[in-house]
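Computed over heavy atoms, backbone and side chain alike; hydrogens, waters and symmetry mates excluded. Every chain is numbered from 1 and lettered A, B, ... according to where its sequence line falls, protein lines coming before strand lines.
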Amino acid sequence: MLQIHWIRENKALTLAGLEKKRLKNAAEAVEKVLEIDSKKRETQVKLDQNRAKQGVLAKEIGELMKAGKKTEAEILKTQTADLKTQAKELETLFADLETQLTQQLYLLPNLPHASVPEGAGADDNEVLYEHGEVKPLAADALPHWELIKKYDIIDFELGVKISGAGFPVYKGKGAKLQRAMINFFLDQAAEAGYGEVQPPIVVNEASGYGTGQLPDKEGQMYFINADGLYLIPTAEVPITNLYRDVIVNPKDLPIKTAGYTPCFRREAGSWGAHVRGLNRLHQFDKVEIVQIQHPDKSYETHEEMSQYIQSLLKKLELPYRVLRLCGGDISFGAALCYDMEVYSAAQQRWLEVSSVSNFETFQANRLKLRMKDGEGKTQLLHTLNGSALALPRILAAILENNQTPEGIWIPKVLRPYTGFDKID
RNA sequence: AGAGAGAUGCCUGAGUGGUUAAAGGAGCAGUUUGCUAAACUGUCAUCGGGUUAUACUGGUGCAUGGGUUCGAAUCCCAUUCUCUCUGCCA
């Protein structure tokens with residue numbers, strides 16, 4: 001959430017940023033926010049003055065009562081009564097304006113970083129870097145949804161029976177490979193200095209608001225009605241919310257945390273060849289890395305996280321590219337976002353396997369995640385996160401790219417974890 | 001799930017209706033000593049008004065939401081959470 005006093009003082013910058021993000025009616029939205037804000041502050045002044053008077057009167061009444069001057073106290077009481085009726089009106093108005101302001105602010109996305117390219121959608125994203133050779137496959141090469149049947153390592157029909165579409169059952173070497181990847185990613189993260197956590201995979205409403213999934217992406221999350229809890233769409237939610245309402249010591253920065261969790265997404269309305277097989281699931285596994293950083297250093301950190309994620313892809317020997325998302329494609333809360341995509345040879349398309357974002361103070365403002373700066377003032381921190389990595393599409397790419405007549409070769413780095421070197 | 005106790009700032013913790021969220025600790029800033037340490041002083045949540053910025057100044061905040069009262073950390077109601085005991089259980 002953007003900070004209202006920042007918008008107040010940087011109206012032009014706010015507007016330009018919102019337009020780059022392709023927010024509809026940006027000018028209108030900014031005007032509305034500022035108007036509510038000014039009314040709210042006006043009301044607060046009146047209310048504060050009213051309360052100040054009430055306080056003075058209450059004190060006087062107290063003294064009169066002590067002195068035994070009951071009739072004089074009664075006179076002052078009638079004055080307080082008038083103030084109280086006024087105060088009640090002002091309080092209602094103030095609360096209403098406050099709600100309105102929050103609701104309006106929730107509608108505003110984060111402002112994009114200066115390096116974010118202009119653009120309306122996925123076609124305008126900037127390719128920053130490509131790595132690895134895209135080898136042509138044999139004419140009889142199969143897409144991963146055929147390979148998993150051939151080698152019997154993932155069963156979608158069984159998943160349908162016990163849960164529904166998009167909930168695959170991993171079997172045999174498929175299940176083992178999943179477990180191997182999780183351990184590999186967690187070990188790598190530990191080596192890179194991330195503290196490991198195992199967070200809950202259901203979260204309350206406050207956590208959903210903290211990282212920005214609520215209110216606008218409510219429909220994307222599974223909701224447990226009986227207890228008012230949401231299944232997490234990503235470990236970003238519980239891990240970042242560990243630091244909700246926390247004032248950290250700047251010496252402890254950056255705070256680096258990693259965790260493995262299953263992720264749940266309803267993905268309402270998705271269909272077609274692009275969501276076939278492992279391309280898009282309702283439940284999948286992911287290792288997530290999160291950093292909390294000093295505002296002056298968050299862009300260095302973003303670069304460092306991007307390099308770290310790329311190092312994983314290199315070790316897995318997968319061809320990949322890095323995109324800098326344009327204003328129209330970048331997510332609601334992010335100021336800067338790189339997507340990592342691996343090339344899926346049999347599908348002949350790029351698959352997003354990671355997304356690393358700097359949220360600047362957008363989440364921290366909702367989380368009330370702060371530090372004390374040099375002058376003893378509280379200041380919002382920056383939050384960043386990235387997938388390192390999401391398993392299903394990595395698995396799809398490994399299956400498709402590494403298929404040979406003898407079977408599917410496991411990347412060398414994973415072999416100590418799987419205990420086998422090919423699926424056949 | 002049942003009974004009892006409890007929830008106060010970054011942390012510990014006093015406070016049972018009348019100006020003040022006591023006190024201590026951590027952190028930070030300043031002063032002093034040749035460095036460190038120590039000592040001393042200050043600061044310590046949040047929204048405003050005011051100012052170029054200070055200064056100055058008002059409100060709110062004792063788990064959350066209501067209520068009683070001229071006045072609530074303190075009394076009442078509801079909710080959430082924590083601890084202890086009992087029950088159940090991977």
Side-chain angles (χ1 to χ4, degrees), chain A residues 1-10 33-105 198 200-210 224-230 238 241-253 255 292 294-296 361 364-381:
Chain A
M1 185 157 68
L2 297 176
Q3 297 173 83
I4 182 63
H5 60 260
W6 197 91
I7 300 177
R8 214 186 284 152
E9 283 156 26
N10 301 277
V33 161
L34 288 175
E35 191 194 320
I36 297 168
D37 172 54
S38 113
K39 271 191 203 159
K40 185 194 141 200
R41 283 182 297 145
E42 207 175 286
T43 308
Q44 185 177 350
V45 171
K46 286 184 198 161
L47 186 58
D48 286 357
Q49 286 169 349
N50 179 302
R51 282 173 173 162
K53 278 185 208 160
Q54 283 193 52
V56 171
L57 283 174
K59 240 184 266 176
E60 285 174 15
I61 291 168
E63 277 158 26
L64 289 172
M65 300 283 267
K66 260 188 201 163
K69 297 177 181 171
K70 240 188 165 177
T71 39
E72 290 176 44
E74 288 303 323
I75 294 166
L76 291 187
K77 277 193 194 180
T78 55
Q79 291 182 31
T80 316
D82 285 344
L83 284 172
K84 276 178 89 170
T85 41
Q86 279 175 32
K88 206 141 212 179
E89 281 172 36
L90 288 168
E91 272 163 21
T92 314
L93 179 60
F94 184 75
D96 181 47
L97 288 166
E98 206 166 35
T99 313
Q100 280 186 45
L101 184 62
T102 312
Q103 280 172 352
Q104 286 301 314
L105 284 173
Q198 232 181 49
I201 58 171
V202 295
V203 293
N204 55 28
E205 199 181 37
S207 296
Y209 276 97
I224 303 166
N225 215 358
D227 300 289
L229 297 168
Y230 295 87
N241 271 281
L242 295 175
Y243 302 96
R244 174 151 47 86
D245 292 318
V246 170
I247 297 180
V248 307
N249 188 327
K251 277 185 197 161
D252 298 333
L253 298 172
I255 298 172
I292 292 161
H294 191 286
D296 294 345
T361 59
N365 190 28
R366 292 184 176 198
L367 293 161
K368 295 193 172 54
L369 167 54
R370 296 160 297 174
M371 64 162 190
K372 292 269 184 205
D373 67 14
E375 287 156 358
K377 291 196 172 165
T378 52
Q379 196 185 332
L380 293 173
L381 290 165

Item checked: Check: Gln379(A) and Pro250(A) side chains under 4.5 Å, non-hydrogen atoms -> no
Notebook entry, point to check: Taking RNA chain B as the partner, which of residues 77-89 of chain A come within under 4.0 angstrom of it by heavy atom?
Noted result: Lys77(A), Thr80(A), Lys84(A)
Next item on the list: Return the set of residues passing salt bridge (charged side-chain N to carboxylate O under 4.0 Å, His left out) with Glu74(A) (not counting sequence neighbours), or none when no residue passes.
Entry: Lys77(A)
Notebook entry, point to check: What residues, two or more places apart in sequence or in another chain, satisfy side-chain contact (heavy atoms from CB on, under 4.5 Å) together with Arg41(A)?
Noted result: Arg8(A), Asp37(A), Ser38(A)
Notebook entry, point to check: With rounding to whole Å, what would you report as the distance between A55(B) and U41(B) at their P atoms?
Noted result: 22 Å
Compile the donor-acceptor pairs under 3.5 Å between side chains in residues 241-248 of chain A and protein atoms, sequence neighbours left out, one pair per line.
from, atom 1, to, atom 2, distance (Å)
Asn241(A), OD1, Arg244(A), NE, 2.7
Asn241(A), ND2, Ser207(A), O, 2.9
Asn241(A), ND2, Val237(A), O, 2.8
Tyr243(A), OH, Thr257(A), OG1, 3.3
Arg244(A), NH2, Ser207(A), OG, 2.9

Check: Under the salt bridge (charged side-chain N to carboxylate O under 4.0 Å, His left out) rule, what pairs show up with a residue in residues 78-103 of chain A, not counting sequence neighbours?
Finding: Arg51(A)-Glu91(A)
Next item on the list: On RNA chain B, check which nucleotide each of Asp245(A) and Lys251(A) is closest to and give me the residue with the more 5' one.
Entry: Asp245(A)
Next item on the list: Return no unless some side-chain N or O of Arg370(A) is found under 4.0 Å from OP1 or OP2 of C44(B).
Entry: no
Margin query: I'd like to check the side-chain contact (heavy atoms from CB on, under 4.5 Å) partners of Pro200(A); sequence neighbours left out, ordered by chain and number.
Written below: none
Check: Paired with G9(B): which nucleotide, if any, by Watson-Crick or G-U wobble criteria at under 3.5 Å for both distances?
Finding: none
Item checked: Contacts of Asp227(A) that satisfy side-chain contact (heavy atoms from CB on, under 4.5 Å) - sequence neighbours left out -> Ile224(A), Leu229(A)
Notebook entry, point to check: Within this structure, what is the CD1-to-C1' distance between Ile247(A) and C44(B), rounded to whole angstrom?
Noted result: 9 Å
Next item on the list: Could you tell me which residues satisfy side-chain contact (heavy atoms from CB on, under 4.5 Å) with Glu60(A), sequence neighbours excluded, listed by chain and number?
Entry: Val56(A), Leu57(A), Leu76(A)
Next item on the list: May I ask which nucleotide in the shown strands pairs with C28(B), Watson-Crick or G-U wobble, both distances under 3.5 Å?
Entry: G42(B)
Next item on the list: Flag yes if more than 12 heavy atoms outside Gln198(A) fall under 6.0 Å of its CD atom; otherwise flag no.
Entry: no
Please list, pair by pair, any protein nitrogen or oxygen found under 3.5 Å from a nitrogen or oxygen in nucleotides 19-26 of chain B.
from, atom 1, to, atom 2, distance (Å)
U19(B), O2', Lys59(A), NZ, 3.2

Note to self: Counting only Watson-Crick pairs (N1-N3 plus N6-O4 or O6-N4) and G-U wobbles (N1-O2, O6-N3), all under 3.5 Å, who is the partner of A37(B)?
What the structure shows: none
Note to self: What residues from residues 34-58 of chain A pass a heavy-atom cutoff of under 4.0 Å to RNA chain B?
What the structure shows: Arg41(A), Gln44(A), Val45(A), Asp48(A), Arg51(A), Ala52(A), Ala58(A)
Margin query: My understanding is that only residues two or more places apart in sequence, or in another chain, count here; which of them pass salt bridge (charged side-chain N to carboxylate O under 4.0 Å, His left out) with Glu35(A)?
Written below: Lys39(A)
Next item on the list: Mind checking side-chain hydrogen bond (donor to acceptor under 3.5 Å, both in side chains) for Asn50(A) and listing every partner two or more places apart, or none if nothing turns up?
Entry: Gln54(A)
Item checked: Selected nucleotide, minimal atom distance to Thr378(A) side chain, candidates U46(B), C70(B), G48(B) -> U46(B)
Check: Across all strands, who's sitting opposite A1(B) as a Watson-Crick or G-U wobble pair, both distances under 3.5 Å?
Finding: U86(B)
Next item on the list: Report yes if the side chains of Leu2(A) and Asn365(A) come closer than 4.5 Å at any heavy-atom pair, otherwise no.
Entry: no
Check: Across all strands shown, which nucleotide pairs with U52(B) by Watson-Crick or G-U wobble geometry, both distances under 3.5 Å?
Finding: none
Check: Considering Watson-Crick and G-U wobble pairs with both distances under 3.5 Å, what does G61(B) pair with?
Finding: none
Check: So which nucleotide does A14(B) pair with, by the Watson-Crick or G-U wobble rule with both distances under 3.5 Å?
Finding: none
Next item on the list: Could you work out the separation of C89(B) and C81(B) based on their P atoms and round it to a whole Å?
Entry: 23 Å
Checklist line | Base paired to U19(B) (Watson-Crick or G-U; both N/O distances under 3.5 angstrom) | finding: none
